[in-house]
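Some notes on the structure that comes next.
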Amino acid sequence: MLNILLEMFSYAFLVRAVIVGLLVSLCAALLGVSLVLKRYSMIGDGLSHVGFGALAIATALNAAPLAVSVPVVVLAAFLLLRLSENNRIKGDAAIALISTSALAIGVAVISLTTGMNTDVCNYLFGSILAMSKSDVNLSVALAAAVLLLFILFYHKIFAVTFDETFAQAAGLQTGLYNTLLALLTAITIVLGMRMMGALLISSLIIFPALTSMQLCKKFQTVTLCSALVSVVCFFSGVVCSYVYATPTGASVVIVNILVFLLFWLAGLLKERGALKIFTALVICLAALPLYGQEPGKIIEIKDKLFVAQTNDVYYNARDYLGKTFKYEGIFSVYEAPDTGQKYYSVIRYGPGCCGIDLNAGFEVRYDGAYPRQDDWVEVTGVLEEYKEADGGKYLRLSLSSLKVLPVRGQEYVK
Amino acid sequence: MPLLTCQNAAFAYETHTVVSGLNFSVRAGDYLCIVGENGSGKSTLLKGLLRLKTPRTGRVLMADSLQGGALGYLPQQTAAQKDFPASAYEVVLSGRLQSRGLWPFYSRADQAAAGENLRQLGIEELRGRCFRELSGGQQRRVLLARALCAAQKLLLLDEPAAGLDPAAARSLYRLIAKLNKGGLTIIMVSHDLRSALQYASHILHLQNKQLFFGPTRAYLRSGAGKKFRGGRYA
């Protein structure tokens, strides 16, 4: 178990993803308690779809994704809140209207610009995309702000959630607190949706709250418990997704479902006074059989997370220049039709929504003899940057070793 | 000097006037019961007295001693509260919100006040219990304790006994009467005319306008009172 964790955290991009993810799940869980009790769960779902549309447009405009989607989703949050306050039934329909519109616009924009490909899949279902460092910094700052505001306004949020009329009579600006709640929710959703996916992010808000309500009797314990449940579920979800190579968002949700069922069962048994036996059983089962390998000194790109890791290198190339990489893949040659220049690379076939959309790997340069096209090779090399005649800068590995292996590995990776 | 005076006040939802011609005043120590049929404007008036609604015409005057929140309020129960995970103590403590201002946390004094109000209503043993698991009567007492946390002078109650069985309702009315004897001014909206007549010192009878306002004794002899009691509510 420890080995797996050590191995996971040897990937810089995974560490960043987990930091942001943990903060986001904490925020989502805290806000979720109020949202679920106020019957606002659907707003979270609507907002995530708006977030998808905004992300698509941000990508099309080549703008920073968070800088575009945060204001758009915050605006949508205000709008949705207004709508649902005015008239319940119409508000519901309005949420559906806005979320499907945003989804449609997002898909159309993506297909017009980059084409329907892995990007769409990633936006909808999430992935541990390589986040740039500035994204991470912004996420951490925003998540900290959400946490701080929640703690400062905890008692007021409780009052507004429990009894809006009473809070209003006590002189509280309930509209202001509802707006605050919507604002914090909007920010949390935007921060979490790239990892969890637009279709799955609202589960981070709903599940922990509902789970802890199965057992806890006090608002304070419900809040604390859902924060804990959320963080634990997220972390186990990410570990599972790493070990079993499943999508991150879906894995986190599945862990949430399992924990919800556990709590529900525990709630049932508690009424019959059999909680202690149940708890003991759960603790025994929790020691899941996991396996792992020791991390090496050279940065090794393994089958698991092949695409995410190579993406990370491209996103944060500056951090990786001069580092030594080692991986296996398919040797392939590409001859530019106009110049006749040959380009060599070692790749794997990447995922796609409907087939293969991208090949993951690096261009390589080797002083020795190149093997044949399509050979399965193991390469070790240093990452370098070079300038093409057209002025563009590209990354490649300058190889120190290139071995043709007799046994082919996993050609298709995620 | 009355605590609260309505001068020819009228309240409306958008353009639709719900209740008008209100002229009455409440003195410290009074127990005013607002009666009338459904839709006669009782709850609207209560919202007006809580300053959640501004009068369309006329004025609602408050004594200086009521400024800055000496009002306690027991609203009608909402559906969401029926399965709300909160302890009785947390609910009662939230009544002290008004005294907090911008400071985000409750003080020792707030916690002591919440404990004291639980004791006063005889529900100390419910302190750590979950609100949704309490009986209807117990829930109402918890909400009353919360209202007391906010009230130093005046308590406004909206149908406090709605949905309670007769025994629980009787015991709640006795409790409210006891609070009134202790010096708290009560304004209550009620359907339950019998209990209203038994405990209230003054009656305000509404039917989209003010049919009667005065002491309970006078109400019993008045035309409005006779008609109302002889009708479907007696």
Side-chain angles (χ1 to χ4, degrees), chain A residues 32-41 84 86 88 147-178 180 208-226 229 263 267 270-271, chain B residues 43 46-53 67-107 110 127-134 142-143 146-147 149-151 154-156 158:
Chain A
V33 176
S34 268
L35 292 173
V36 167
L37 287 168
K38 282 177 84 75
R39 313 288 193 264
Y40 278 177
S41 314
S84 68
N86 284 347
R88 231 142 247 273
L147 280 180
L148 189 72
L149 283 172
F150 185 87
I151 292 166
L152 284 180
F153 292 111
Y154 166 79
H155 289 296
K156 282 163 187 141
I157 289 174
F158 169 78
V160 173
T161 310
F162 182 72
D163 193 338
E164 210 164 311
T165 331
F166 182 85
Q168 218 174 354
L172 223 58
Q173 297 282 325
T174 53
L176 192 75
Y177 290 98
N178 283 334
L180 179 73
L210 279 181
T211 299
S212 44
M213 278 176 213
Q214 303 302 315
L215 273 186
C216 302
K217 310 275 181 203
K218 293 182 188 174
F219 191 76
Q220 199 177 1
T221 45
V222 167
T223 308
L224 291 175
C225 178
S226 58
V229 164
F263 271 60
K270 193 181 178 188
E271 279 169 23
Chain B
S43 295
L46 209 56
K47 285 222 172 80
L49 298 183
L50 284 164
R51 281 169 289 192
L52 297 181
K53 211 163 179 41
Q67 303 299 329
L71 290 169
Y73 176 45
L74 179 65
Q76 289 192 40
Q77 207 157 6
T78 62
Q81 284 170 12
K82 298 232 163 78
D83 57 332
F84 199 97
S87 70
Y89 179 70
E90 284 178 310
V91 172
V92 173
L93 192 61
S94 73
R96 296 288 293 183
L97 204 66
Q98 220 163 358
S99 67
R100 289 296 82 220
L102 282 176
W103 181 245
F105 307 107
Y106 291 114
S107 66
D110 292 326
R127 186 186 174 102
R129 292 272 302 280
C130 182
F131 185 76
R132 65 180 165 197
E133 286 168 3
L134 302 178
V142 170
L143 294 181
R146 177 184 65 166
C149 274
L154 177 62
L155 197 57
L156 293 123
D158 196 354

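Order of the sequence lines sets the chain letters (A, B, ...), proteins ahead of strands, with each chain counted from 1. Values below: every heavy atom of this structure, side chains too, minus hydrogens, waters and symmetry copies.
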> Contact part of B:Phe105 toward chain A, heavy-atom cut-off under 4.5 Å: side chain, backbone, both or neither?
Replying inline: both

> Side chain, backbone, both or neither: which part of B:Arg146 has a heavy atom under 4.5 Å from chain A?
Replying inline: both

>> So for A:Ser212, is it side chain, backbone, both, or neither that comes closer than 4.5 Å to the heavy atoms of chain B?
In response: neither

> Which answer fits B:Glu133, side chain, backbone, both or neither, if we ask what part of it has an atom under 4.5 Å from a heavy atom of chain A?
Replying inline: side chain

>> Would you compute the distance between atom OG of B:Ser94 and atom NE2 of A:His155 and round it to the nearest 0.5 angstrom?
In response: 10.0 Å

> Quick one: of A:Asp163, A:Leu172, A:Thr221, who has the most non-hydrogen atom pairs under 4.5 Å with chain B?
Replying inline: A:Asp163

> Top residue by heavy-atom pair count (under 4.5 Å) with chain B, among A:Gln220, A:Met213, A:Lys217?
Replying inline: A:Lys217

> In terms of heavy-atom proximity below 4.5 Å to chain B, should A:Ile151 be classed as side chain, backbone, both, or neither?
Replying inline: both

>> I'd like to check the side chain to side chain contact (heavy atoms under 4.5 Å, CB included) partners of A:Leu180; sequence neighbours left out, ordered by chain and number.
In response: A:Leu149, A:Phe153, A:Tyr177, A:Leu184

> Going through the distances and angles, do B:Tyr73 and B:Asp158 end up as a side chain to side chain contact (heavy atoms under 4.5 Å, CB included)?
Replying inline: CA-CA 8 Å; B:Tyr73 176 45; B:Asp158 196 354; 4.3 Å; yes

> Is the backbone of B:Ser107 close enough, under 3.5 Å, to the side chain of B:Asp110 for a donor and an acceptor to pair up by distance?
Replying inline: yes

> Between A:Phe219 and B:Phe84, how do the two ring planes meet: parallel, tilted or perpendicular, split at 30° and 60°?
Replying inline: parallel

> Of all of B:Leu93, B:Leu74, B:Val91, B:Leu156, which one pairs up most often with chain A through heavy atoms under 4.5 Å apart?
Replying inline: B:Val91

>> Ring of B:Tyr106, cation from B:Arg96 - is the NZ or CZ under 6.0 Å from the centre and inside 45° of the axis?
In response: no

